A.B. asks: 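This structure is in structure tokens; I'll ask about it shortly.
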Amino acid sequence: MNGLRIAVIGTGMIGRLHARSARSAGATLIGVGASDSERGARAAAELGAQRVYASPEAVADDPDVDVVHICTPNALHAPYARAALSAGKHVVCEKPLGLDLAEARELRELAAEAGTVATVPFAYRFYPTVREARARVADGRLGDVRLIHGSYLQDWLSAPDAYNWRVDAHSNGRSRAFADIGSHWCDLVEFVTGDRIVSVSAVMSAWHPRANGVEQIDPAAPSTEDVAVVMFVTETGATGSVVVSQVSPGRKNRLWFELDGTDASTVFDQENPETLWIGRKDSATVLHRGQEPQSQAAAALDVVPVGHPQGFTDCFALFVAHTYAAIAGNTPDGLPTFADGLRSAHIVDAVLRSASTGGFVKV
């Protein structure tokens, strides 16, 4: 793994997180790509990259690059992933894989044809407490999970004049709040329960007209939602719901879910990830990370001693390290691949169809 050479395309917060995580896993940052040459040069100097790329082809043609990390606005995911996969490179691509289901399906097929490792950063899977919840579902300690519910709430677009490229459907795709963060919630509960969502009923709303600081966004352009409320049914017949918002004042990154089983319930809160709440009819307890009895799957992700908080950057570093382990020929448990990215695209597509037509639609 220490010999891997990487390129990071997109140098915002997430791109820099990719670069740090790659370095912590022993990789060498060969080059970066940014929205313009000046920004790229500045990022290369700050991150210690050797070169700056101006196009997908420039990255794909670089023989010194083994892995391409794609951290751009969504509209550029497919062009960079196509080029990298066609060149036989391993790819780490931020979700969504493309602007729509068709692009996601195409990239999944290209990854399968290339035979290289292609992963998507559903990094919340790498909290030890998430793996503990998953183990408790698998070994039956919750009984049959009958109800799945929760929310993913943020506030970064709650101001009427807040603007970001994600607001623009041409750069982001038709869904914003649900595709951006609701996708993480759905991936996480499907991963933990092992149960797939098979039908959804969704309502979406936009709170504010958005301006880019210079001129109003083209009113003819499709808008993206601030809020999505989704009910769903799973393969096993469990029922569920999730509230997704990027306009909830005071909520910074509250990914929260509860699984209610016939014998017990469990709650995970991403803003307090060191604990799981465990509920039974006659008791309710808080299980701390590392507290016995802890599953082997959870213990395997403990990277710092108990009592030293383990957070999102640790999860992301674990995701990248597990991706590189797969490149080295290992088979890490729970590694999210392009197949999971395509799965997410199917759910987003169903949510959009339901919000457009009303009622339940199949995933």
Side-chain angles (χ1 to χ4, degrees), residues 9-10 12-15 33 35 56 69-85 91-111 118-123 152 154 156-157 162-187 197 200 202-212 216-230 242 244-247 336-357 361 363:
I9 310 304
M13 182 273 288
I14 290 296
S35 54
H69 289 246
I70 302 169
C71 316
T72 63
N74 300 346
L76 296 176
H77 289 183
Y80 275 100
R82 283 190 200 104
L85 290 168
V91 174
V92 180
C93 183
E94 281 291 332
K95 52 84 198 138
L97 284 186
L99 288 179
D100 54 30
L101 179 58
E103 279 194 342
R105 184 180 290 113
E106 175 199 356
L107 295 182
R108 169 67 183 93
E109 292 171 355
L110 285 173
T119 62
V120 177
F122 287 121
Y152 197 157
Q154 297 177 335
W156 62 286
L157 282 170
Y163 184 79
N164 179 272
W165 63 263
R166 291 185 183 278
V167 170
D168 183 353
H170 296 301
S171 298
N172 178 80
R174 292 171 55 216
S175 172
R176 174 176 25 95
F178 190 83
D180 184 19
I181 59 177
S183 58
H184 277 292
W185 192 93
C186 292
D187 175 80
I197 296 167
V200 299
V203 176
M204 291 176 165
S205 64
W207 286 18
H208 305 299
R210 301 290 179 182
N212 62 12
Q216 193 70 23
I217 294 176
D218 181 358
S223 61
T224 58
E225 80 285 356
D226 292 317
V227 172
V229 179
V230 182
V242 60
V244 177
S245 168
Q246 292 179 322
V247 289
T337 68
F338 272 27
D340 299 292
L342 175 57
R343 169 63 186 166
S344 177
H346 276 288
I347 296 176
V348 171
D349 178 74
V351 166
L352 283 168
R353 285 188 284 117
S354 174
S356 175
T357 62
V361 302
V363 176

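These numbers were taken from a predicted model, which means no experiment stands behind them.
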A.B. asks: Who passes side-chain contact (heavy atoms from CB on, under 4.5 Å) against Pro96, sequence neighbours left out?
C.D. replies: Asn74, His77
A.B. asks: Applying side-chain hydrogen bond (donor to acceptor under 3.5 Å, both in side chains), which residue pairs with at least one partner in residues 94-104 are found, sequence neighbours left out?
C.D. replies: His18-Glu94, Lys95-Asp180
A.B. asks: Could you list the residues that satisfy side-chain hydrogen bond (donor to acceptor under 3.5 Å, both in side chains) with Thr72, not counting sequence neighbours?
C.D. replies: none
A.B. asks: Could you tell me whether the side chain of Val92 reaches within less than 4.5 Å of the side chain of Pro121, counting heavy atoms only?
C.D. replies: yes
A.B. asks: I want to check something: taking the side chain as every heavy atom from C-beta on, are Val200 and Val230 in contact at a cut-off of under 4.5 Å?
C.D. replies: yes
A.B. asks: Would you say the side-chain atoms of Thr224 pair up with the backbone N or O of Val167, donor to acceptor, closer than 3.5 Å?
C.D. replies: yes
A.B. asks: Donor-acceptor pair, distance only, cut-off 3.5 Å: does the side chain of Glu225 make one with the backbone of Arg176?
C.D. replies: yes
A.B. asks: Can you name the nearest heavy-atom pair linking Ala118 to Ala111, along with the distance?
C.D. replies: CB-CB, 3.8 Å
A.B. asks: Kindly write out the residues that satisfy side-chain contact (heavy atoms from CB on, under 4.5 Å) with Ser205, not counting sequence neighbours, or none if the list is empty.
C.D. replies: Trp207, Val227
A.B. asks: On a heavy-atom basis, which atom in Ser245 and which in Ile181 lie closest, and how many Å separate them?
C.D. replies: O-CD1, 3.7 Å
A.B. asks: Of all residues at least two apart in sequence or in a different chain, which pass the side-chain hydrogen bond (donor to acceptor under 3.5 Å, both in side chains) check with Arg353?
C.D. replies: Asp349
A.B. asks: Okay, side chain of Asp187, backbone of His184: is any donor-acceptor separation there less than 3.5 Å?
C.D. replies: no
A.B. asks: Provide the closest heavy-atom pair for Trp156 versus Ala162 in the form atom of the first, atom of the second, distance.
C.D. replies: O-CB, 3.9 Å
A.B. asks: Listed by chain and number, what are the side-chain contact (heavy atoms from CB on, under 4.5 Å) partners of Ala75, not counting sequence neighbours?
C.D. replies: Leu99
A.B. asks: To the nearest 0.5 Å, how far apart are CG in Leu352 and CD1 in Ile347?
C.D. replies: 12.5 Å
A.B. asks: Please name all residues satisfying side-chain hydrogen bond (donor to acceptor under 3.5 Å, both in side chains) with Arg108, sequence neighbours left out, ordered by chain then number.
C.D. replies: none
A.B. asks: Give me the atom names and distance for the closest heavy-atom approach of Gln246 to Ala177.
C.D. replies: OE1-CA, 3.6 Å
A.B. asks: Taking salt bridge (charged side-chain N to carboxylate O under 4.0 Å, His left out) as the definition, give me every residue that meets it alongside Glu109, ordered by chain and number, with sequence neighbours left out.
C.D. replies: none
A.B. asks: Step by step, work out the side-chain contact (heavy atoms from CB on, under 4.5 Å) result for Phe338 and Leu110.
C.D. replies: CA-CA 10 Å; Phe338 272 27; Leu110 285 173; over 6 Å; no
A.B. asks: Within the side chain of Asn172, is there an N or O that forms a donor-acceptor pair under 3.5 Å with the backbone of Ser175?
C.D. replies: yes
A.B. asks: Can you list everything that forms a ring-ring contact (aromatic ring centres under 6.0 Å, His included) with Tyr80? Sequence neighbours excluded, please.
C.D. replies: none
A.B. asks: Which heavy atom in Leu342 sits nearest to a heavy atom in Leu97, and how many Å separate them?
C.D. replies: N-CD1, 3.9 Å
A.B. asks: For Ser344, enumerate each residue passing the side-chain hydrogen bond (donor to acceptor under 3.5 Å, both in side chains) test, keeping only those at least two apart in sequence or located in another chain.
C.D. replies: none
A.B. asks: On a heavy-atom basis, which atom in Cys186 and which in Phe178 lie closest, and how many Å separate them?
C.D. replies: SG-CZ, 3.6 Å
A.B. asks: Side chains of Arg343 and Ile197, heavy atoms from C-beta outward: is any pair under 4.5 Å?
C.D. replies: yes
